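These notes are about the structure you will find just below.
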Amino acid sequence: MRVRFAPSPTGQLHVGNARTALFNWLLARGHAGTFILRIEDTDAERSTKASEESILEDLRWLGLEWDEGPDVGGGCGPYRQSERLHLYTSYANELLGAGYAYYCFCSPQKLEADRKQDLAAGRPPKYHGTCRSVGPDEARRRIDAGERAVVRFRVPEHVDITFHDLVRGDVTFNTDNIGDFVLIRSDGRPQYNFAVVIDDALMEVTHVIRGEDHISNTPKQVLVYRALAFSPPRFAHLALVMGPDHTPLSKRHGATSVAEFRDRGYLPEALTNYLALIGWSPRSDAANPGSNEELLPIDELARRFALEDVGHSAGVFDPEKLSWMNRHYMKTLPPARVAAEASRFFVARGFIRKMTDASAAYLESILPMAAGSVDRLEEIPERLAFLFEFDADAAATHADISAIVEEPGAREVIAALPAAITGPMLDRESFRAMAARVREKTGQKGKSLFHPIRAALTGEAGGPELDLAVPAIDRGAALPLAAGVARIRSSAERAKAFAAAVSRHE
RNA sequence: GUCCCCAUCGUCCAGAGGCCCAGGACGUGGCCCUUUCAAGGCCAAAACACGGGUUCGAAUCCCGUUGGGGACGCCA
């Protein structure tokens, strides 16, 4: 089995296309097949090297490694259409010679006028066949005289073209609705429907899995396969991904590109898992009696994936469910993995100055207390800001904190704190022991004990469990400067500074 | 306009004629847990687009209607 993903490098990788890539990848990986990446850059005006690079980067980030492609090579290269122009020319000449194609000299203006006329008359707008009768000799003469021409495919009339779609079954189009389409443009570059056939055939692609927007191109491509005596691949057309208003997912709906999701702190594990579930669900059978499973890592998805189980209708992209999945993976993935993906957000925020083994280890140790309570990695540094930023005076005058200070008994707790902290609290037990000392001294317990402690030690009114937060503070405070972590003030220092600030602002 | 595709809770899916007065998940509401915010646990509300057939029996098969999407380019 050989499948391919063939993006055109005209922008960032869209989640809809990422899903198409994913389905191809899952099928290949589940069947010991080959996943090919091909760059469809025949649109010279819109294609850019930068977007090609970003698409490759996004696919790699998602974990969709390819076996053959522009950067890794392979036996059927080159893998950029712009480097395969000679092939298209050669096959176009073959079709021209055999009468399957002809030169067309119609001007864009005439074509546009014909189109309007068809539309107005309620006919399918298609090429009128004006140049069908121009013979090879005349065509040669006009080209030599400098006229610009395209090569068109001669579509037979009144013919039903049926192809079997692996997700939809047999699909039939009548050629009366298909105009003579362009094979080669006047500048010599191939048109999509031609290049895709040549490439898929030469690259020995066995399964073409693509968006449903291509289903009506398929009969044209089948025509070309037949004319060239290539055997067509198996086709599978995937229903499109929509926005909440059932219009195609676009910028208006928020983030749509893989890069945006990465920048906002979604894990690739969450994105691939979520995307796989739009239009597909694992089959329940004797081997998988549970069914209804949704949290499946990518390898498991590959093991379970089957085109027969792909749905027929378009699905709405639901950011809420993606976020839920992201939370799940933030909590369940190995901390080192989450830390690797989250570190850039800490660096951006200035909390980590330099990535070192020590800063990575510290990050890994503090992440779990925040990972379960936010939707995205990007939100974690803010959630843990209390570690790196502590301003006793600012805290003491903050409305939420003063409210806590005013609670009965709170001042006693705050005053008792400095003496109760006898040294760094590096684990849960030492924090609890300290809290017990304060309880004994002040008689406060429960909320009236812990609220003031939190205020004094973190400068905030809410946050992660103190059991975890306080040891994280003191472990951070013990870090040498060379670790690359922004300076963290110890709980002892904080307790003193906060008590002083409170009496100062009385 | 013409052609093609599609149609189960707000959303994503399960359901391949009786197991379905329709099941799971996200979201929503409530309760519990709790030193905060979360998380977690439990419970609840919530759908077979409509109309005809076929059949002893239809969410499931057929036809139509309606609705949605796609395509009809020297874009891909």
Side-chain angles (χ1 to χ4, degrees), chain A residues 6-8 10 40-43 45-47 81 104 106 108 111-112 115 118-127 148-152 165 167-168 171-174 176-179 181-187 189-193 195-196 210-220 237 239-240 242 244 246-248 274 277-284 290-295 309 311-325 327 331 369-374 383 400 404 435 445-455 458 460-467:
Chain A
S8 51
T10 55
E40 309 223 322
D41 57 350
T42 57
D43 184 346
E45 291 83 51
R46 296 197 301 145
S47 298
Q81 291 189 329
C104 164
C106 294
L111 261 17
E112 185 51 29
R115 220 181 90 80
D118 285 337
L119 245 17
R123 287 188 302 254
K126 57 175 213 176
Y127 181 61
R148 290 171 70 80
V150 300
V151 177
R152 278 184 194 276
D165 189 294
V167 348
R168 276 154 226 288
V171 179
T172 302
F173 286 84
N174 191 283
D176 290 346
N177 296 303
I178 303 172
F181 53 94
V182 171
L183 263 23
I184 301 288
R185 297 183 270 219
S186 58
D187 62 3
R189 287 173 2 237
Q191 198 262 352
Y192 168 75
N193 281 305
V196 77
R210 72 224 312 191
E212 198 188 11
D213 48 340
H214 285 295
I215 200 163
S216 51
N217 283 321
T218 308
K220 298 179 191 176
H237 290 94
L240 271 16
M242 306 298 212
H246 284 91
T247 62
Y274 176 66
L277 260 25
I278 304 179
W280 175 81
S281 68
R283 177 184 295 241
S284 54
S291 152
N292 287 324
E293 293 164 276
E294 299 195 309
L295 271 353
D309 300 332
H312 297 188
S313 52
V316 172
F317 186 89
D318 180 8
E320 296 279 5
K321 189 151 186 176
L322 204 214
S323 289
W324 167 74
M325 249 180 208
R327 286 199 298 272
K331 282 185 289 190
M369 72 177 142
S373 60
V374 294
R383 179 93 180 154
D400 293 349
I404 292 172
K445 55 184 179 159
K447 287 187 198 210
S448 27
L449 174 64
F450 289 101
H451 276 173
I453 294 180
R454 175 183 295 284
T458 70
E460 290 178 7
E465 279 177 73
L466 287 173
D467 270 8

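For clarity, every value in this text was computed on a predicted model and none was experimentally measured. Order of the sequence lines sets the chain letters (A, B, ...), proteins ahead of strands, with each chain counted from 1. The figures that follow rest on heavy atoms only: side chains count, while hydrogens, waters and symmetry mates do not.
Straight-line distance between the P atoms of C62(B) and C21(B): roughly 23 Å, to the nearest whole Å. Atom name C1', nucleotides A16(B) and U2(B): the rounded distance is 34 Å, in whole Å. The same atom, P, is picked in C43(B) and in C56(B); the two are 42 Å apart, to the nearest Å. Distance check on atom C1': A39(B) versus C19(B) gives 37 Å, rounded to whole Å. For G69(B) and C33(B), the C1' atoms lie 46 Å apart once the distance is rounded to whole Å. With P as the reference atom, C20(B) and A59(B) are 13 Å apart, rounded to whole Å. Rounded to the nearest Å, the gap between the C1' atom of G30(B) and that of A46(B) is 15 Å. Between the C1' atoms of A7(B) and A47(B), the separation comes to 12 Å (whole Å).
Arg115(A) has no carboxylate O lying under 4.0 Å from a charged side-chain N of Asp118(A), or vice versa, which leaves the two without a salt bridge.
Not a single donor-acceptor pair under 3.5 Å links the side chain of Arg210(A) to the backbone N or O of Ile215(A). Of the possible donor and acceptor atoms, one in the side chain of Ser373(A) sits under 3.5 Å from a partner among the backbone N and O of Ala370(A).
When distances run from any side-chain atom of His451(A) to the nucleotides C74(B), U36(B), C26(B), the shortest one goes to U36(B). When the nucleotides U2(B), C26(B), C4(B) are ranked by their closest atom to the side chain of Asp318(A), C26(B) comes out on top. Counting only heavy atoms from C-beta on, Arg327(A) has its side chain closest to G27(B) among G27(B), C74(B), A71(B). Nearest to the side chain of Lys321(A), among A16(B), C12(B), U2(B), sits C12(B). Nearest nucleotide to the Val316(A) side chain, out of A76(B), U36(B), U11(B): U11(B). In the set G70(B), C74(B), C4(B), G70(B) carries the atom at the smallest distance from any side-chain atom of Pro248(A). Checking U35(B), A76(B), C74(B) against the side-chain heavy atoms of Arg46(A) singles out A76(B) as nearest. In the set A14(B), C12(B), A7(B), C12(B) carries the atom at the smallest distance from any side-chain atom of Ile278(A). Set against G70(B), A25(B), U11(B), the side chain of Glu294(A) has A25(B) as its closest nucleotide. Of the candidate nucleotides G1(B), C37(B), C5(B), G1(B) has the atom lying nearest to any side-chain atom of Pro125(A).
Around the NZ atom of Lys445(A), the shell of radius 6.0 Å holds no more than 12 heavy atoms that belong to other residues, nucleotides or ligands. Under a cut-off of 6.0 angstrom, the local environment of CZ in Arg123(A) is crowded, with over 12 non-hydrogen atoms contributed by other residues, nucleotides or ligands.
Of the side-chain N and O atoms in Thr42(A), one or more sit less than 4.0 angstrom from OP1 or OP2 of A76(B).
Between the side chain of Ser216(A) and the base of C72(B) there is no donor-acceptor pair of N/O atoms closer than 3.5 Å. For A76(B), the base has a donor-acceptor partner in the side chain of Asn217(A) [N/O atoms by modelled type, under 3.5 angstrom].
Along RNA chain B, the nucleotide closest to Pro190(A) and the one closest to Arg123(A) are compared, and the more 5′ of them pairs with Arg123(A). Across the interface with RNA chain B, nearest-nucleotide mapping of Arg189(A) and Ile215(A) shows Ile215(A) to be the residue nearer the 5′ end.
Distance Arg283(A) CZ to G23(B) P: 22 Å, rounded to the nearest Å.
Remark: Arg152(A) fails to qualify as a cation-pi partner of Phe181(A) under the 6.0 Å distance and 45° angle criteria applied to the six-membered ring.
Stacking here means ring centres nearer than 5.5 Å and ring planes tilted less than 30 degrees, and by that measure Phe450(A) stacks onto U35(B).
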